[in-house]
Amino acid sequence: MKAANKIDSDKEVEAKKHAAIEWCKYATKHEMQNGGKVWVYLLIPHNDVNENMTIAGLEARYSRK
């Protein structure tokens, strides 16, 4: 999770997001070659997490590619 006001405006958050997305691509490639699963990067605003939310729902809403 990240502070909602930093998701689209903070250069450090943006750089980390791009690095994490690249890492997920490499991790997915490795996993797929070894019977694993897809890696997905989620950047979720801190104020949008509730007890009734599922990982699948968060992924559908916040998956970054």
With hydrophobic residues grouped by side-chain heavy-atom distances under 4.5 Å, do [X] and [Y] end up in a single group?
| X | Y | value |
| --- | --- | --- |
| Val40 | Val49 | yes |
| Val13 | Tyr41 | yes |
| Ile44 | Trp23 | no |

**Asked** If you draw a 6.0 Å radius around CD in Glu12, do more than 12 non-hydrogen atoms from other residues or ligands fall strictly inside?
**Response** no

**Message:** Can you confirm whether Met32 sits close enough to Val38 that some side-chain heavy atom of one is under 4.5 Å from a side-chain heavy atom of the other?
**Reply:** yes

**Asked** Does the pair Lys17 and Glu14 meet the rule for a salt bridge (charged side-chain N to carboxylate O under 4.0 Å, His left out), with working shown?
**Response** CA-CA 5 Å; Lys17 175 181 80 172; Glu14 188 72 18; 3.3 Å; yes

**Item:** Residues Tyr26, Thr28; criterion side chain to side chain contact (heavy atoms under 4.5 Å, CB included); working and verdict
**Value:** CA-CA 5 Å; Tyr26 291 117; Thr28 294; over 6 Å; no

**Residues Glu59, Leu42; criterion side chain to side chain contact (heavy atoms under 4.5 Å, CB included); working and verdict** = CA-CA 6 Å; Glu59 181 180 351; Leu42 306 177; 4.0 Å; yes

